[in-house]
Each structure stands twice: as C-alpha cells, then as structure tokens.
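Residue numbers start at 1 and run along the sequence shown. If you're wondering where the values come from, they're calculated on a predicted model, not measured in any experiment.
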Amino acid sequence: MILVTGASGRIGTAILRELSGASVPARALARGRARSPLRDEPGVQWIDGDAGDERVLAGALEGVCTVVLHSASAPGQVALQERVISAALSAGVARIVKLSIVGAADDAASDEARWHWRIEQRLGSTGVETCSVRVTRPMQALLHQASLLLTSGLLAGCQGTGQSADVDVRDVGAVLATLATAPRLDCALVTVTGPEAMDFAGMARLLSRQFNRPIRYVDCQPGDMLQCALAAGVDRWIAEDMVAWQTDARDGRYAIVHDTIERVTGRPPRRFEAFANELATSLRYANAPQRTEIPAIA
C-alpha cells in the first residue's frame, strides 16, 4: 500500500491517476476529498482528514510500505512534514519519496525553498530508503494569469530574458509514482524539469499562436509583479516567493534541462506548446456562453 499525502491538489491527483492506472493500491490523505476529480478512482482508498491529526495519520499509515510526501505550501509545512516522517518511521514504512523544489537550500531567497531543504535534511537522517524529487516551476502556474491573458493579452513576469525549464505537473506525478513503486531507488535526490528552457517572451509567442491572438510579455519590476500577483488573489507569501524565484531566474540558473522524466518513466515529457494549446482550449470553453468556471488542467 502506498500513502499519498496532500492528495487533492494537482500533483496529488496526477500521482494517484498514475498509481490507479497501474493497478497499484493507494491510500489518499487529504482534506476536502470532494474537490478531487479522482474521488471514485479504482484502487484509491480515501481518508478525508488532516495529516496534522495524529489519529488520522496513524490510521492512514496502517499497512503502508511507501509514503509519497507532499503537502500544500504553507508556513507550517516543515512541522507538518516532519510529523508525517516521524509517524511513518514509527509505523515501519520502508520508503519515503518527497516532492521538493529546484533551488532548495538553507540560504535560498524564497521561504518555500528553505522549508524544503530543511525537510530534505530530516529525510537524510531517517535511515530508510528515501528520495527527494526537486521540481522546477510547474507550467500550471500560468493559471494565476488566466484573467490577464484573456482580458488584456498580457503575460506578466519579472524574469527578464532568463530562461527556465518549466514542467507539467502530470509528468511530476508520473515520476513520483514510478519512484514510489520501483524495486529500488538508485539515488536520494533527483531533479525534474521540462524538456526545454524558455523565457517568458518565448512562452508569449507560443501562447499567441494557440490563443490565435497577440499575447505580449510585460517584464515588470519585482514590486510591480508582486502587486499584480496580489491583485490576482495570490496569498502574499506565495506571491513574494514567486517574485523571488523569478528574480533569481533572470540569470538563467533554472534553465538547465534534465532527462529525468523520460529516464524514470520511459515517456517523453510534455512540451510547453502542448500545454499552451490545452490552456487556450480550456479558457475558451470556460468563457463560452453560459460557462463560468475554468476547467482544471491536471
């Protein structure tokens, strides 16, 4: 049995879809199960609860051999994931596969990167089989700019001409699921990126083609980008981390491409052009007459 924590989000959904498709028994721990599109997926046992609740967590870990450790980004992330790790060790779990982020370090500019680094250090001291999967920025992060793309034909950022190898969350889920079920783990740390490095101007050109209208990249000052994100409803600390990440990306430090997705899963990674086509299609559907919601893209 494999336990997936934080299972109702996009990445959790992608992990469970892979496990279910491979007929691997999985247990999904999440608050708000009803929000997940996989609540009736074959082979997935749902536990609707909080990983911070000791009784809920103990029940979720019964009979589990592997934990895929994932939780929504939040200031309490370190304490929550350390609690899951400790409970997993007490329950005799043999393997923990953790979702982390590219740039995780003790001196990182963003809060989230520092949090992930601290949890990685905790994993390294467990004595069980572990792997931290450091992931670059998800393509789905562009969903925060859906309104701006539609109403103004603009893509905002403060990344300058810096490139980054953004990745589709469905490929992230496939890597995590594959590592969770592998006969053995070959390394304690892997990096997952998309198949190509691209700057925002290049993304705007591909979005223009798929939206069939001009999309222009606006390179903002970090303070202006922060206000743009806040206006879109992004929580302040998330917006601040996003701005810090993009500012770091201006020098191309996140442009390195890794072949992890194809090497681990045996499948080629999704390219940004394909994601842009799906995004344009879903937004057109959402804004057709009598449509008010944006369909989720994985």
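- With hydrophobic clusters built from ILVMFWY side chains whose heavy atoms lie under 4.5 angstrom apart, Val133 shares a cluster with Ile15.
- One hydrophobic cluster holds both Leu179 and Val24 under the rule that ILVMFWY side chains link at heavy-atom gaps under 4.5 Å.
- With Thr5 contributing its side chain and His70 its backbone, the two residues share a donor-acceptor pair below 3.5 Å.
- Residues Leu206 and Met198 form a side-chain contact, since some pair of their non-hydrogen atoms from C-beta on lies under 4.5 Å apart.
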So Val97 and Leu69, side-chain contact (heavy atoms from CB on, under 4.5 Å) or not? Walk me through it. CA-CA 6 Å; Val97 179; Leu69 183 58; over 6 Å; no

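- No donor-acceptor pair under 3.5 Å is formed between the side chain of Ser20 and the backbone N or O of Leu16.
- Proximity of a side-chain donor or acceptor of Thr265 to a complementary backbone N or O of Val175 within less than 3.5 Å is not detected.
- Ion pair Arg270/Glu196 not flagged as a salt bridge, since none of the NZ, NE, NH1 or NH2 atoms sits closer than 4.0 Å to an Asp/Glu carboxylate oxygen.
- Using a cut-off of 4.0 Å between Lys/Arg side-chain N and Asp/Glu carboxylate O, Glu120 and Arg134 are scored as salt-bridged.
- The heavy-atom pair separating Ala229 from Ala239 by the smallest distance is CB-CB, 3.7 Å.
- In the model, Lys98 has a side-chain atom that pairs as donor or acceptor with a side-chain atom of His116 under 3.5 Å.
- Taking 4.5 Å as the limit, some side-chain heavy atom of Arg216 sits within range of a side-chain heavy atom of Val218.
- Applying the ring-ring contact (aromatic ring centres under 6.0 Å, His included) test to residues at least two apart or on different chains, the pairs with a partner in residues 225-262 are Trp115-Trp237, Trp245-Tyr254.
- In this structure, Thr130 contributes its side chain and Thr126 its backbone to no donor-acceptor pair below 3.5 Å.
- For the pair Val93 and Thr66, the minimum side-chain heavy-atom distance is 4.5 Å or more.
- In this structure Asp186 satisfies the side-chain hydrogen bond (donor to acceptor under 3.5 Å, both in side chains) test together with Arg184, sequence neighbours excluded.
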May I have the step-by-step check of side-chain contact (heavy atoms from CB on, under 4.5 Å) for Leu142 and His144, ending in yes or no? CA-CA 5 Å; Leu142 281 184; His144 289 307; over 6 Å; no

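- The minimum heavy-atom distance between Leu279 and Ser282, with the atom names listed, is O-OG, 2.9 Å.
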Under the side-chain contact (heavy atoms from CB on, under 4.5 Å) criterion, do Ile11 and Leu99 qualify, and how do the steps go? CA-CA 9 Å; Ile11 292 178; Leu99 176 69; 3.6 Å; yes

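- Judged purely by distance below 3.5 Å, without hydrogens or angles, the side chains of Asn277 and Gln210 pair a donor atom with an acceptor atom.
- No side-chain donor-acceptor contact under 3.5 Å links Arg114 to the backbone of Asp106.
- Between the side chain of Arg236 and the main chain of Leu226, no donor-acceptor pair closer than 3.5 Å is present.
- In this structure the side chain of Ile2 reaches within 4.5 angstrom of the side chain of Thr181, judged on heavy atoms.
- Taking the side chain as every heavy atom from C-beta outward, Arg27 and Trp46 never approach each other to under 4.5 Å.
- Arg122 contributes no side-chain N or O that, together with a main-chain N or O of Glu82, makes up a donor-acceptor pair within less than 3.5 Å.
- A 4.5 Å side-chain heavy-atom check between Ser100 and Val135 finds every atom pair outside the cut-off.
- Of the residues Asp166, Val167, Asp168, Val172, the one that meets the side chain to side chain contact (heavy atoms under 4.5 Å, CB included) test with Gln140 is Asp168.
- Smallest separation of non-hydrogen atoms from Ala7 and Ala28: CB-CB, 3.6 Å.
- Asp53 contributes a side-chain N or O that, together with a main-chain N or O of Val56, makes up a donor-acceptor pair within less than 3.5 Å.
- Going from atom CG of Asp171 over to atom CZ of Arg271 covers 11.5 Å, rounded to the nearest 0.5 Å.
- Inter-residue side-chain proximity for Leu148 and Ser152 is flagged as met; some heavy-atom pair is nearer than 4.5 Å.
- Residues Phe211 and Leu150 share a closest heavy-atom pair of CE2-CD2, 4.2 Å.
- For Arg137 and Gln159, the side-chain atoms include at least one donor-acceptor pair closer than 3.5 Å.
- With hydrophobic clusters built from ILVMFWY side chains whose heavy atoms lie under 4.5 angstrom apart, Val128 shares a cluster with Val67.
- Taking SG of Cys228 as the start and CD of Gln145 as the end, the distance is 6.0 Å to the nearest 0.5 Å.
- You'll find the side chain of Ile96 stays beyond 4.5 Å of the side chain of Glu129, heavy atoms only.
- Side chain of Gln246 to backbone of Cys158: a donor-acceptor contact under 3.5 angstrom is found.
- Under the side-chain hydrogen bond (donor to acceptor under 3.5 Å, both in side chains) criterion, Arg209 pairs with Glu273, not counting sequence neighbours.
- Taking every heavy atom of both residues into account, Leu61 and Ala88 meet most closely at CD1-N, 3.7 Å.
- What you find for Met203 and Ser164 is that their closest heavy atoms are CE-OG, 4.4 Å.
- Formation of a donor-acceptor pair under 3.5 Å by the Asp219 side chain with backbone atoms of Gly160 is found in this model.
- At a threshold of 4.5 Å between side-chain heavy atoms, the hydrophobic network of Ile, Leu, Val, Met, Phe, Trp and Tyr places Leu149 and Tyr217 in one connected group.
- The closest side-chain donor-acceptor pair between Ser71 and Gln81 falls under 3.5 angstrom.
- A distance of 8.5 Å separates OG1 of Thr191 from CD1 of Ile256, quoted to the nearest 0.5 Å.
- Taking hydrophobic clusters as Ile, Leu, Val, Met, Phe, Trp and Tyr residues chained together by side-chain heavy-atom distances below 4.5 Å, Val64 shares a cluster with Leu29.
- A salt bridge is absent between Asp50 and Arg83: the closest approach of a Lys/Arg side-chain nitrogen to an acidic carboxylate oxygen does not fall below 4.0 angstrom.
- Arg170 has a carboxylate O that lies under 4.0 Å from a charged side-chain N of Glu278, or vice versa, which qualifies the two as a salt bridge.
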